[in-house]
Amino acid sequence: MPGAGDDQLPYLRDIYDHVKKLSNLTDSYRDQVVGTADSYSSVVSNQLNVVMKQLAIISTVFLPLTFLTGSFGQNFSALIAHMTGWPAFLILGVGTEVVASAWLYLVFRRRGWIRS
């Protein structure tokens with residue numbers, strides 16, 4: 001090496017070895033940090049998927065209920081002519097919503113989306 005004597009070469013090689021080991025150790029730590037960040041991202045993504053699944057189930061349950069309620073509300077005058085009292089109202093108005101909710105509950109439970 002220019003400017004270094006023969007007695008300094010072992011010292012410089014030792015410093016070079018230490019720097020190389022520190023560089024490899026830094027690369028190893030960087031890989032561990034990247035792996036940890038990827039694992040954290042995966043866990044957060046899985047939790048988000050669970051939340052999105054729950055929201056999809058809730059919206060799927062309310063979709064037919066909203067449709068039935070809207071249909072019942074728009075055709076109220078036509079339905080009144082066919083309804084003779086509370087039993088007819090309960091069967092037609094409330095019964096269809098209960099049947100739709102029960103059917104969706106059974107479908108979701110059969111697919112394993114709802115645990116009881």
Side-chain angles (χ1 to χ4, degrees):
M1 283 200 160
D6 291 337
D7 57 341
Q8 294 176 339
L9 286 178
Y11 176 72
L12 292 176
R13 284 187 190 130
D14 189 43
I15 290 177
Y16 174 75
D17 288 339
H18 285 287
V19 169
K20 193 167 185 169
K21 285 180 185 179
L22 286 176
S23 174
N24 290 336
L25 190 62
T26 304
D27 288 341
S28 173
Y29 286 153
R30 186 190 70 227
D31 291 341
Q32 287 178 355
V33 167
V34 168
T36 303
D38 289 343
S39 297
Y40 176 74
S41 176
S42 176
V43 167
V44 169
S45 177
N46 287 339
Q47 290 174 349
L48 181 63
N49 287 339
V50 169
V51 170
M52 293 302 292
K53 183 174 147 184
Q54 291 171 349
L55 290 174
I57 289 172
I58 290 170
S59 64
T60 304
V61 167
F62 281 105
L63 180 70
L65 299 179
T66 305
F67 173 76
L68 291 171
T69 303
S71 177
F72 188 77
Q74 290 176 354
N75 301 317
F76 191 70
S77 61
L79 291 172
I80 288 178
H82 300 297
M83 283 195 230
T84 56
W86 277 103
F89 170 76
L90 290 175
I91 290 171
L92 189 60
V94 179
T96 55
E97 292 186 2
V98 170
V99 168
S101 298
W103 179 74
L104 285 172
Y105 176 77
L106 291 174
V107 168
F108 291 154
R109 188 156 182 214
R110 185 175 297 140
R111 292 186 179 181
W113 294 351
I114 296 176
R115 295 183 185 110
S116 298

Out of curiosity, [X] [atom1] to [Y] [atom2], how far, rounded to the nearest 0.5 Å?
{"X": "Thr96", "Y": "Trp103", "atom1": "OG1", "atom2": "CH2", "result": "14.0 Å"}
{"X": "Ser59", "Y": "Met52", "atom1": "OG", "atom2": "CE", "result": "9.0 Å"}
{"X": "Leu63", "Y": "Ile58", "atom1": "CG", "atom2": "CD1", "result": "14.0 Å"}

Within the distance-only criterion (no hydrogens, no angle test), does the side chain of [X] pair as donor or acceptor with the backbone N or O of [Y] below 3.5 angstrom?
{"X": "Ser39", "Y": "Gly35", "value": "yes"}
{"X": "Thr26", "Y": "Leu22", "value": "yes"}
{"X": "Thr36", "Y": "Gln32", "value": "yes"}

Is [X] linked to [Y] within one hydrophobic cluster, defined over Ile, Leu, Val, Met, Phe, Trp and Tyr using a side-chain heavy-atom separation of less than 4.5 Å?
{"X": "Leu68", "Y": "Val99", "value": "no"}
{"X": "Leu55", "Y": "Leu48", "value": "yes"}
{"X": "Val33", "Y": "Tyr40", "value": "no"}
{"X": "Phe108", "Y": "Tyr105", "value": "yes"}
{"X": "Phe67", "Y": "Val94", "value": "no"}

Salt bridge Asp17-Lys20, side-chain N to carboxylate O under 4.0 Å =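 No salt bridge links Asp17 with Lys20.
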Worked verdict on Asn49 versus Lys53 for side-chain contact (heavy atoms from CB on, under 4.5 Å) = CA-CA 6 Å; Asn49 287 339; Lys53 183 174 147 184; over 6 Å; no
Closest approach of Leu104 to Thr60 (non-hydrogen atoms, all atoms of both residues) |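 Answer, listing the atom of Leu104 first, then Thr60: CD1-O, 3.5 Å.
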Heavy-atom closest contact (Glu97 atom, Thr69 atom, distance) =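 Closest pair (atom of Glu97, atom of Thr69, distance): OE2-OG1, 2.6 Å.
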